[in-house]
There are 2 protein chains.
Amino acid sequence: MEAEKPFLEVCLTPALFYQYDVLQSIVVVIDVLRATSSICVAFQYGAHCIVPVTTTEESLAYREKGYLVGAERQGSMVEGFDFGNSPFSYMDDKIRGKKIALTTTNGTRAIDIARNAAMVVVGSFLNIDTLAEWLIKQQQNVVCLCAGWKDTFNLEDALFAGALAEKLQPHFRLTPHRDAALAAMRLYDLARNDMYEFLAQSSHRTRLEKLKVDEDVLYCLTPNQTQVIPVLRGGVLYNLRDMLQKDKGE
Amino acid sequence: MEAEKPFLEVCLTPALFYQYDVLQSIVVVIDVLRATSSICVAFQYGAHCIVPVTTTEESLAYREKGYLVGAERQGSMVEGFDFGNSPFSYMDDKIRGKKIALTTTNGTRAIDIARNAAMVVVGSFLNIDTLAEWLIKQQQNVVCLCAGWKDTFNLEDALFAGALAEKLQPHFRLTPHRDAALAAMRLYDLARNDMYEFLAQSSHRTRLEKLKVDEDVLYCLTPNQTQVIPVLRGGVLYNLRDMLQKDKGE
């Protein structure tokens, strides 16, 4: 029986993603502080779709097509955009039914490199239980892709990967020769009672502290604020529920 | 004052090594199970030098020049060689004064990719305190390079990086934007009281269990069995003490 469980893997940074065969896998893109958290919030507030784009210029070009546009660089909102990377900036009824184009330092890039996977979904503490339950049902290999910071490892994405892996583990098997999932679960287990404190020394929290976005950090570390699962189709993120309803309707 | 301390970094796998600027850094190559442990033992038993080579063919070619030759592939000694990768195979008076050519799956490759660093030394639990004291005296940036397993992350090398980083930390500063050293220290702190048990689920211990080399694992996790520091010069590893004496004599 054990041999028939699908594989569960954790990729600690996009720079290592080439090592994973994802054509048959669901990739969970993780950028806890803050891109994938904000994307979950945007769908929770009714966004129709989110187009992840690589450059701020591309993002602005979408504005001319009627999109709301978001851009974050070095942790701050770029001037002239509707949103930055704060989840709170997406808690607004003006986004209901809207199309959004978004570029962030790490998160949207990670979504882009994962695009050839069998399926790409977006994970954050905000939708962790809904996502875990759905992943278990799919009975397909899962690769948790930590967006990190400019291709380097970061702690908060590893913690989320560990938290998700812990929930998935009974239904999956770990890949031989690879310890990243184990390490992520161990780190999460250390941090679970106070992730905010655990991250106190981490590079990204230090970076965000300077930007005075402590409330963002606290919110992004709060599990189960939404039941949305953002999913990539044709290079565009949709709310999985909307997409399934549309598929049914067609 | 803080700003004047040298940097301390941990590189979690050779695949990420390109992200580190090592021209001004001392690189500590780490392949706890078992290459860098065995290298320390070989110098402890009086080896004159060790040439890290990439292929078993190269290694054999050195035999014709009078070298003892070692080769490990997939965890086992390759037939026709004098040594595999077990530290115990180097505990032999026949190696006193001898030149050795060695190829292993991960360790010698990691030494090779680090060769452009200001200095390359070899670390293992067996020489951890001697190495830490020496590194602190150098007042130079340090990058701990985990050899991992075929370019992927592994737990035992991260534990050693964490153990070493913990000893070095008061004298160094961590690089902004990078959490690998922090993660390694956290993992080591979890594991410190029983590393053998901590690694029980890890991929490499599982691999080595199948090879019945539990004694190797236990030995490789035992701190401070030797005071040698293997150091790379001109592509060849020497015992730092021998090299300094030679430099003095010349």
Side-chain angles (χ1 to χ4, degrees), chain A residues 9-20 32-33 74-75 105-106 143 146 148-159 161-162 165 169 173-191 195 197-210, chain B residues 9-20 32-33 74-75 105-106 143 146 148-159 161-162 165 169 173-191 195 197-210:
Chain A
E9 302 201 278
V10 170
C11 175
L12 294 173
T13 117
L16 299 175
F17 191 65
Y18 73 92
Q19 298 174 348
Y20 296 79
V32 166
L33 298 178
Q74 312 295 341
T105 310
N106 304 292
V143 176
C146 299
W149 179 259
K150 296 182 180 175
D151 271 344
T152 69
F153 169 86
N154 81 20
L155 216 40
E156 67 273 13
D157 293 339
L159 289 189
Q169 198 188 13
R173 57 191 158 132
L174 301 184
T175 321
H177 307 324
R178 292 189 167 170
D179 287 345
L182 270 178
M185 284 190 281
R186 296 285 200 166
L187 288 169
Y188 172 67
D189 195 41
L190 257 183
M195 286 192 285
E197 180 54 33
F198 187 85
L199 292 173
Q201 284 181 281
S202 81
S203 58
H204 203 125
R205 243 205 70 188
T206 310
R207 204 157 43 234
L208 293 179
E209 247 164 35
K210 287 185 193 147
Chain B
E9 301 200 281
V10 170
C11 176
L12 294 174
T13 115
L16 299 175
F17 192 65
Y18 73 92
Q19 297 174 349
Y20 297 79
V32 166
L33 299 179
Q74 312 295 340
T105 311
N106 304 291
V143 176
C146 300
W149 179 261
K150 298 184 177 173
D151 271 345
T152 69
F153 169 86
N154 82 19
L155 216 39
E156 67 272 14
D157 293 339
L159 289 190
Q169 198 187 12
R173 56 191 158 131
L174 301 184
T175 321
H177 307 324
R178 292 189 167 170
D179 287 345
L182 270 177
M185 283 190 282
R186 296 287 199 165
L187 287 169
Y188 173 65
D189 196 42
L190 257 184
M195 286 191 285
E197 179 54 34
F198 187 85
L199 292 174
Q201 285 182 281
S202 81
S203 59
H204 203 124
R205 244 204 69 186
T206 310
R207 202 156 47 232
L208 292 180
E209 247 164 35
K210 287 184 191 148

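Just so you know, these numbers use all the heavy atoms, side chains as well, and skip hydrogens, waters and symmetry mates. To find a chain, count down the sequence lines: A is the first, B the second, and so on, and within it residues start at 1.
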Would a distance-only check, ignoring hydrogens and angles, find a side-chain to backbone donor-acceptor pair under 3.5 Å from B:Arg186 to A:Ala191?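 Looks like no, no N/O pair under 3.5 Å.
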
Per-residue contact mode, A:Asp151 against chain B (heavy atom under 4.5 angstrom):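 Both parts, heavy atoms under 4.5 Å.
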
Engaged part of A:Leu12 at the chain B interface, taking heavy atoms whose separation is under 4.5 Å: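 Contact with chain B involves the side chain of A:Leu12 alone.
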
Decide yes or no for A:Leu16 and B:Leu16: does some side-chain heavy atom of the first lie under 4.5 Å from some side-chain heavy atom of the second?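 Yes, side chains in contact.
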
Count the heavy-atom pairs under 4.5 Å between each of B:Thr175, B:Leu155, B:Asn154 and chain A, then report the option with the highest count.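 Heavy-atom pair counts peak at B:Leu155.
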
Does any heavy atom of chain A fall under 4.5 Å from the side chain of [X], the backbone, both, or neither of them?
X: B:Thr13; result: side chain
X: B:Leu182; result: side chain
X: B:Tyr18; result: side chain

List the atom of A:Ala183, the atom of B:Phe153, and the distance in Å for their closest heavy-atom pair.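 It is CB-CE2, 3.4 Å.
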
Atom pair NZ/CZ of B:Lys150 and A:Arg178 - distance to nearest 0.5 Å: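 So the gap between those two atoms works out to 11.0 Å.
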
